[in-house]
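All remarks here apply to the structure that follows.
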Amino acid sequence: MSALDVAASGCLLLGAALALSAGVGLVRFRTTLDRMHAGTKPQVLGVLLVLLAMWLHRPTWANAGPLLLVGCSQVITVSVAAYMVARAAYSRASRAGDDGTALPAETGSGESAESPESDESAESGGD
């Protein structure tokens with residue numbers, strides 16, 4: 001095995017670990033802003049490391065162009081998407097007093113915690 005293959009293997013494993021940590025963060029965190037941070041930062045770095053591993057495996061200029069295009073597109077689209085999600089969560093928080101993005105509490109009945117009927121009865125005092 002050459003030094004490039006070892007470096008490519010290391011980048012691939014580290015990139016996969018970062019992508020896995022992003023997925024765990026999406027499941028584990030409660031609010032939208034926390035999930036957004038967990039889903040963007042390690043995921044982008046993980047994808048960039050996987051792309052670097054692909055280039056290290058076959059280091060030619062013919063492979064570098066498409067990989068660079070994919071990497072730049074990933075960085076741009078994830079940052080714009082994160083901005084839009086944060087803006088929506090912030091505007092929702094300014095209207096409701098909280099960010100309104102926490103996971104609903106587990107209920108014993110078959111009703112969803114976010115159903116309109118449960119919201120109306122809570123506001124009217126439970127009549």
Side-chain angles (χ1 to χ4, degrees):
M1 259 177 118
S2 70
L4 284 178
D5 287 337
V6 172
S9 299
C11 286
L12 186 63
L13 288 174
L14 186 59
L18 284 169
L20 178 66
S21 71
V24 169
L26 288 174
V27 171
R28 189 159 169 115
F29 289 133
R30 292 278 185 202
T31 65
T32 298
L33 298 178
D34 291 339
R35 284 190 211 123
M36 179 190 63
H37 182 75
T40 56
K41 307 302 183 217
Q43 185 265 340
V44 169
L45 185 57
V47 167
L48 292 177
L49 284 171
V50 168
L51 293 173
L52 178 62
M54 291 171 65
W55 184 76
L56 288 173
H57 184 65
R58 302 245 193 262
T60 64
W61 288 110
N63 288 339
L67 294 175
L68 189 61
L69 182 65
V70 169
C72 289
S73 299
Q74 181 72 25
V75 169
I76 291 169
T77 57
V78 166
S79 62
V80 169
Y83 171 75
M84 295 306 291
V85 168
R87 187 173 170 186
Y90 182 75
S91 68
R92 184 173 180 179
S94 64
R95 286 182 288 169
D98 63 55
D99 72 352
T101 58
L103 292 174
E106 293 293 323
T107 59
S109 67
E111 266 186 46
S112 169
E114 295 180 320
S115 68
E117 295 85 21
S118 63
D119 289 343
E120 291 172 4
S121 64
E123 290 173 4
S124 63
D127 297 288

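In this chain, residues are counted from 1 in sequence order.
The number of heavy-atom neighbours closer than 6.0 Å to CE of M36, taken from other residues, nucleotides and ligands shown, is above 12.
Of all heavy-atom pairs between T60 and W55, the closest is O-NE1, 3.3 Å. Closest non-hydrogen pair, C11 versus A53, comes out as CB-CB, 3.8 Å. Shortest non-hydrogen contact noted between R35 and G25 is CG-O, 4.4 Å. Across all their heavy atoms, S21 and L18 have their closest contact at OG-O, 2.7 Å. Considering all non-hydrogen atoms of both residues, V50 and A16 come closest at CG2-N, 4.4 Å. Taking all atoms of both residues into account, the shortest heavy-atom contact from H37 to P42 is O-CD, 3.8 Å.
V78 is connected to L52 through a chain of hydrophobic side-chain contacts under 4.5 Å among Ile, Leu, Val, Met, Phe, Trp and Tyr, so both are in one cluster. Each of V44 and L26 belongs to its own hydrophobic cluster when Ile, Leu, Val, Met, Phe, Trp and Tyr are linked at side-chain heavy-atom distances under 4.5 angstrom.
Rounding to the nearest 0.5 Å gives a distance of 11.0 Å between CG of L51 and CG of L56. Note that CD of Q74 is 10.5 Å distant from OG1 of T40, once rounded to the nearest 0.5 Å. Atom CG of residue L68 and atom OG of residue S73 lie 9.0 Å apart, to the nearest 0.5 angstrom.
Using a 4.5 Å cut-off on side-chain heavy atoms (C-beta onward), L4 and H57 make no contact.
Looking only at distances, no side-chain donor or acceptor of D34 sits under 3.5 Å from a matching main-chain atom of F29.
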